[in-house]
Amino acid sequence: GIQVEQSPPDLILQEGANSTLRCNFSDSVNNLQWFHQNPWGQLINLFYIPSGTKQNGRLSATTVATERYSLLYISSSQTTDSGVYFCAATRPTGNQFYFGTGTSLTVIP
Amino acid sequence: NAGVTQTPKFQVLKTGQSMTLQCAQDMNHEYMSWYRQDPGMGLRLIHYSVGAGITDQGEVPNGYNVSRSTTEDFPLRLLSAAPSQTSVYFCASSYDRRIGGYTFGSGTRLTVV
């Protein structure tokens with residue numbers, strides 16, 4: 001399958017700070033998505049971003065498919081941003097999503 | 001509109017027992033899938049379905065069976081539970097996996113003793 005590496009594995013921020021999370025892929029991918037798992041375990045889809053840049057409020061994501069990476073930007077972080085952020089993608093011709101091991105974010109008031 | 005409903009939320013099994021984890025969605029999504037989440041390993045795909053009557057194996061299918069008789073339901077069966085199947089299980093659905101918009105259930109925490 002595809003190897004999906006996320007960095008950093010853990011991140012602690014002061015409320016109001018900005019951060020960048022990175023996702024690297026071992027091979028060409030399609031259907032790249034970012035997810036947030038809150039401290040109660042619920043998984044929420046943040047972005048579907050196979051290429052280019054998208055923004056949703058304080059969050060934005062950029063995927064450079066030719067260089068096999070994607071970035072998730074969080075600006076003016078809030079305590080409610082805490083949790084684990086996952087990226088996932090499929091092979092160009094496949095149906096299976098491969099997840100990274102996640103970045104655990106803690107935002108301190 | 002309930003989204004994706006998983007039952008039960010918690011379950012303890014003895015080694016060798018069998019059980020079915022239920023997953024139902026009311027969004028008329030074609031694509032449904034089951035994942036397990038283990039500490040430090042992210043989510044791994046067990047089985048998935050692209051429509052009623054069609055299922056396929058994911059990354060870690062051994063010890064699990066699925067069926068998709070209706071668009072709404074996608075149950076996961078553990079045939080003979082083993083301690084290695086202790087995990088948190090998530091069901092997800094999407095109207096098209098290529099477009100995204102994944103919706104996850106709230107998860108089932110399974111412990112096999």
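A, B, ... follow the sequence lines: proteins, then strands. Residue 1 opens every chain.
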Fill in the blank from the handout: Rounded to the nearest 0.5 angstrom, the CZ-CD distance for B/Arg44 and A/Gln96 is 12.5 Å
Exercise for the section: Report, as yes or no, whether the 6.0 Å neighbourhood of atom CZ on A/Arg22 holds more than 12 heavy atoms from other residues, nucleotides or ligands. Expected result: yes
Practice task
Determine the minimum heavy-atom distance between A/Gln42 and B/Phe104, stating which atoms define it.
Solution key: NE2-O, 3.3 Å
Exercise for the section: Check each atom of B/Gln37 against the heavy atoms of chain A and say whether the ones under 4.5 Å are side chain, backbone, both or neither. Expected result: side chain
Exercise for the section: Report the distance from atom CG of B/Leu45 to atom CZ of A/Phe97, rounding to the nearest 0.5 Å. Expected result: 10.0 Å
Handout entry: Region of A/Gln6 in contact with chain B, defined by heavy-atom distances below 4.5 Å
Key = neither
Handout entry: Distance in Å, B/Tyr35 OH paired with A/Leu43 CG, rounded so as to fall on 0.5 Å steps
Key = 10.0 Å
Handout entry: Hydrophobic cluster identity match, A/Val4 and A/Val29, side-chain contacts under 4.5 Å
Key = yes
Exercise for the section: Find out if a path of hydrophobic residues (ILVMFWY) with successive side-chain heavy-atom gaps under 4.5 Å connects B/Tyr31 to B/Ile46. Expected result: no
Practice task
Indicate, with yes or no, if B/Phe90 and B/Leu13 share a hydrophobic cluster defined by side-chain heavy-atom contacts under 4.5 Å among Ile, Leu, Val, Met, Phe, Trp and Tyr.
Solution key: no
Completion exercise
Under 4.5 Å to a heavy atom of chain B? For A/Phe47 that would be neither
Exercise for the section: Check the surroundings of atom CD in A/Glu5: do more than 12 heavy atoms from other residues, nucleotides or ligands lie under 6.0 Å from it? Expected result: no
Exercise for the section: Report whether A/Leu71 and A/Ile49 are members of the same hydrophobic cluster (ILVMFWY, side-chain heavy atoms less than 4.5 Å apart, transitive linking). Expected result: no
Exercise for the section: Would you give the length of the straight line joining atom OH of B/Tyr102 to atom CG of A/Leu46, rounded to the nearest 0.5 angstrom? Expected result: 15.0 Å
